[in-house]
Amino acid sequence: MLGLAADRLRADMNRLLSFLFHQGILDEQFLQLQQLQDETSPNFVSEVVNIYFHESEKLLRNLRSLLMDREFSDYNKMGIHLNQFMGSSSSIGAKRIRNVCLAFRAASDQNNRAGCLSALEVLEHEYCFLKNKLHELFQIQQQRVLAAGVRYPMQH
């Protein structure tokens, strides 16, 4: 019975990962990150991704506050934040976010405030979508580990 639950959860996890790859949300870097996880660090990927989420939220706040400033003109500072966001997104395989950052960076390089505001909205949306989907993935993964690890004593 428990083996079936674990198998179903594994299938759910694989379906979700497949969806994230086919939609271009994640790339092979995420798989490489998963390969670094083993029995000695079973939560490695979720820990790395949670650090990414924490840092990303700071970067999003910084980007929004820069753009909300009426006197804003420091596109160079915005570029620095975007470079950090692109780098950290690339490191976890967040392909779609990295691509949105590239478009955002192009608007920033042209000092296009309206384009930057639009790109920020898209970036915030994509970030929330990724965060929700990866939390869903980690929950399934945790349920799978629990289902595989629970053993009941044999009844005589």
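Proximity of Y75 to L66: side-chain heavy atoms (C-beta onward) are nowhere separated by under 4.5 Å. Between R96 and Q23 the shortest side-chain heavy-atom distance falls below 4.5 Å. Here the side chains of R64 and L59 are not in contact, with every heavy-atom distance at 4.5 Å or above. You'll find the side chain of Q141 reaches within 4.5 Å of the side chain of Q37, heavy atoms only. Between N50 and F138, every side-chain heavy-atom pair lies at or beyond the 4.5 Å cut-off. In this structure the side chain of L123 reaches within 4.5 angstrom of the side chain of L63, judged on heavy atoms.
Contact record, A107 with G115: CB-C, 3.8 Å, taken as the closest heavy-atom pair. The shortest heavy-atom contact between M13 and L137 is CG-CD1, 3.3 Å.
Using the six-membered ring where Trp is involved, Y52 and Y127 have ring planes that are tilted, between 30° and 60° apart. Taking the six-membered ring for Trp and thresholds of 30 and 60 degrees, H125 and F129 have nearly parallel ring planes, at less than 30 degrees apart.
By the neighbour-count criterion of 12 heavy atoms within 6.0 Å, atom CD of E136 is densely surrounded, having more than that number from other residues, nucleotides or ligands.
Distance CG/N14 to CZ/R10: 8.0 Å, rounded to 0.5 Å.
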> Checking side chain to side chain contact (heavy atoms under 4.5 Å, CB included) for the pair L20/F30: CA distance, chi angles, key distance, verdict?
Replying inline: CA-CA 10 Å; L20 294 172; F30 187 79; over 6 Å; no
>> Could you walk me through whether K95 and L26 satisfy the side chain to side chain contact (heavy atoms under 4.5 Å, CB included) test, starting with their C-alpha distance in whole Å, then the side-chain angles of each, then the deciding distance to 0.1 Å, before giving a yes or no?
In response: CA-CA 5 Å; K95 180 181 179 180; L26 294 176; 6.0 Å; no
>> For a side chain to side chain contact (heavy atoms under 4.5 Å, CB included) check, start with the C-alpha distance between Q139 and L134, then their side-chain angles and the critical distance, and finish with the verdict.
In response: CA-CA 8 Å; Q139 284 178 331; L134 288 181; over 6 Å; no
> Is there a salt bridge (Lys or Arg N to Asp or Glu O under 4.0 Å) between R98 and E126 once you walk through the steps?
Replying inline: CA-CA 10 Å; R98 185 190 68 234; E126 291 296 335; over 6 Å; no
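Criterion: ILVMFWY side-chain heavy atoms under 4.5 Å apart, direct or through other members. Under it, I51 and L130 are not part of a common hydrophobic cluster. When hydrophobic clusters are built by joining Ile, Leu, Val, Met, Phe, Trp and Tyr residues whose side-chain heavy atoms come closer than 4.5 Å, directly or via intermediates, I25 is not grouped with L102.
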Cut-off 3.5 Å, no hydrogens considered: what does the side-chain donor-acceptor table look like for residues 80-87, sequence neighbours left out?
unit_1 : atom_1 : unit_2 : atom_2 : d
N83    : OD1    : R105   : NH1    : 2.8
N83    : ND2    : G79    : O      : 3.4

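Counting only distance, with no hydrogens or angles, the side chain of N43 and the backbone of S46 share no donor-acceptor pair below 3.5 Å.
Look at K131 and E57 and you find a salt bridge, because one of the NZ, NE, NH1 or NH2 atoms lies within 4.0 Å of a carboxylate O, short of that distance.
For V48, the side chain to side chain contact (heavy atoms under 4.5 Å, CB included) partners two or more places apart in sequence, or in a different chain, are L33, F44, I92. Take L67 and apply the side chain to side chain contact (heavy atoms under 4.5 Å, CB included) test, not counting sequence neighbours, and it matches F72, M78, F104, R113, C116, L117, L120.
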